[in-house]
Amino acid sequence: MRNYYKYLLILPGVLFLTIFMLVPIGMTIISTFFPNEAAADTSNYASLFRDSYFLEILWTTLRVSILTTIICMVLGFPAAYFIARMSAKMKAVLLILTIFPLLTSPVVRSFSWMVIIGRNGLVNEALMGIGIIQEPLEILYTPTAVIIGLVHLFLPLTIITLVGVMESIESDLLTAAASLGASRIGVFAKVVLPLCVPGLVIGGILVFVGSFTAYTTPALLGGQQRVLSTLLYQNANTLNDWHMASILAAIMIVVTLIVITCMNLLANKLNPRR
Amino acid sequence: MSLFTLQDVTVAYQKQAILQDFNLSIGEGELVSLLGPSGCGKTTTLRLIAGFLQSKQGKFLFREKDYTKVPVNKRNFGFVFQNYALFPHMTVFDNVAFGLRQRKVSKASIKDRVLRVLDIVSLKGFEERFPAALSGGQKQRVAIARALVIEPDLLLFDEPLSNLDANLRVNMRVEIRRIQQELGITTVYVSHDQEECFSISDKVAIMNKGIIEQLSDPATIYRQPKTKFVADFIGFKNFIQFDSRRQESDGIAATVQGITLYVQQQDNTAGLVGAIRPDDLRLYALDAAPMTVENAVQGKVLISTYLGRSYQYEVQTSIGRFTVNDDAAAAPLANGQDIVLEIPKKQIVLVD
């Protein structure tokens, strides 16, 4: 009997999430199959997946999210490795610097990127000034601009997650591997990297889901280039097509769940433990 | 012939020298322990031999070749860590096979050698387990197997038993000694546990503040400590600072505050400090003392403590305070009682 009391502790959280998350999400998804409160109807989904405009946006969103995730991992990994091996004092300083960008809102940061990569922005002025290019580069209002903005947004998160995992790797494991004959590259590939997999997976999920659902950055830096979240917003607010908006929301939820499941399966394969 | 030699080595950490002009030489097939209090430099010495640390000065010669600059992964030394350092993401088999895979040994041969070494450490049947599913003793045996399987030229142990409970510690050290002797691998063993070191070693080096105070076989260290530090470290709790000593026909006569004590002949030291263990002193009540006691001084009992098997007394005499263990004690001595303390000639060791 006593054992049941501990479940009381999670009751408030479970109730809150059920009422304000699970139920609304469930209702949204269910409602997409009943456009006219009549019999179930999946023709909307079918026509959507034949619509090349939608498919192009879905593909762009996936591509931007995946590229953002990969770039964050590639840039974040060495930085995190460096930070994790610093002394405690230095580590604190570097971690504060890392999370510093999080203190400004995504809106402010998107506007500053406009100044930097715009037609007459810093980057184009500089490149033309030293004569590398004649015409200004079209970066702003392209998927590239969105990726730049999202990487800026999510890199701190990646680094913090990875530092946490790397700190928990005992340094003796690395010396042990070396004493058994492993070169620096061998130690990294056989010991460091596999032990970082949990961090890479958690960081990867955070960045992917964050990029996949981000609104502000693509809305401000993407220009005419829509992604799923801006398309959803357009349907709901501009076109007042709440049914289509719900369908888009349902698709985003399903894609997110599929990606999380795949990454977890991958993690178990790469890092078995027990 | 010595297998390896550390020559005038200096290691410093943040400008503080841990080892200064350090010398050590170990023979082929020997098990040598480095023993000392924490901070004496024993682990530093071991890590230097392993190649985890670089020395600022000095040379490390191995089989007459200069190994000073040879990196860790080219040394072929087996290292067993205090916290085992097993790879948590690999099975027991993969942990042990790690070194062989680095050496590009063929698959069939790897399997053969891993199973054979797991048999040596009595872990057959555990190949597919992950380290998380092993007890401390089993982890340590995997760590030993992992170091042995590469057929190392030198085996290094860094306090390998300190995380195990007392019973297991005794079993494991017997095991380590058995394996070491069976395979004849030269071994350097670091510990702060005196009993552990004495029981498994061919030679023990007692270290203090970055220098070796004495390097001998355990029995010699136990009977003939060279310095006051060594004597104190291995349980000579009583020290007498003599004023002078002179050679007599059958031994040494040492004088302190006008009282002369006779000491058995000792040729290897000119020291003026006499050391004696609490167990070797004899205590008599003043009125019950035999008439002809050699090396006797009078005194008083300060504190008596009951230790179960014996009584321990703190006594004050004219030549200083002594701690005495007395297991005879039919009638224990009371605090404040006048006593005669006998300091047996054969048990006094003169140290530097």
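A, B, ... follow the sequence lines: proteins, then strands. Residue 1 opens every chain.
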May I ask you to check whether over 12 heavy atoms, not counting those of [X], lie within 6.0 Å of atom [atom1]?
X: A:I185; atom1: CD1; value: no
X: A:M90; atom1: CE; value: no
X: B:K139; atom1: NZ; value: yes
X: A:R184; atom1: CZ; value: no
X: A:F82; atom1: CZ; value: no

For this session: Over all heavy atoms of both residues, which pair between B:P88 and A:L173 is shortest? Give the atoms and the distance, please.
Result: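 Shortest heavy-atom separation between B:P88 and A:L173 comes out as CD-CD1, 3.8 Å.
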For this session: Give me the contact list for residues 46-62 of chain B versus chain A, heavy atoms only, anything under 4.5 Å, ordered by residue number.
Result: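 At a heavy-atom separation under 4.5 Å, chain A is reached by B:R47, B:F52.
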For this session: Could you tell me which residues in residues 98-117 of chain B have at least one non-hydrogen atom under 4.5 Å from a non-hydrogen atom of chain A, sorted by residue number?
Result: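 Counting heavy atoms that sit under 4.5 Å from chain A, the residues of residues 98-117 of chain B involved are B:F98, B:G99, B:Q102, B:R103.
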For this session: Measure the spacing between CZ of B:F79 and OG1 of A:T175 and express it to the nearest 0.5 Å.
Result: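 It comes to 7.5 Å.
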Exercise. Rounded to the nearest 0.5 Å, what separation is found between the CG atom of A:D172 and the OH atom of B:Y84?
Worked result: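 Reported to 0.5 Å precision, the distance equals 12.5 Å.
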Exercise. In terms of heavy-atom pairs under 4.5 Å, which option from B:V80, B:L86, B:T91 contacts chain A the most?
Worked result: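 Result: the option with the highest number of such pairs is B:L86.
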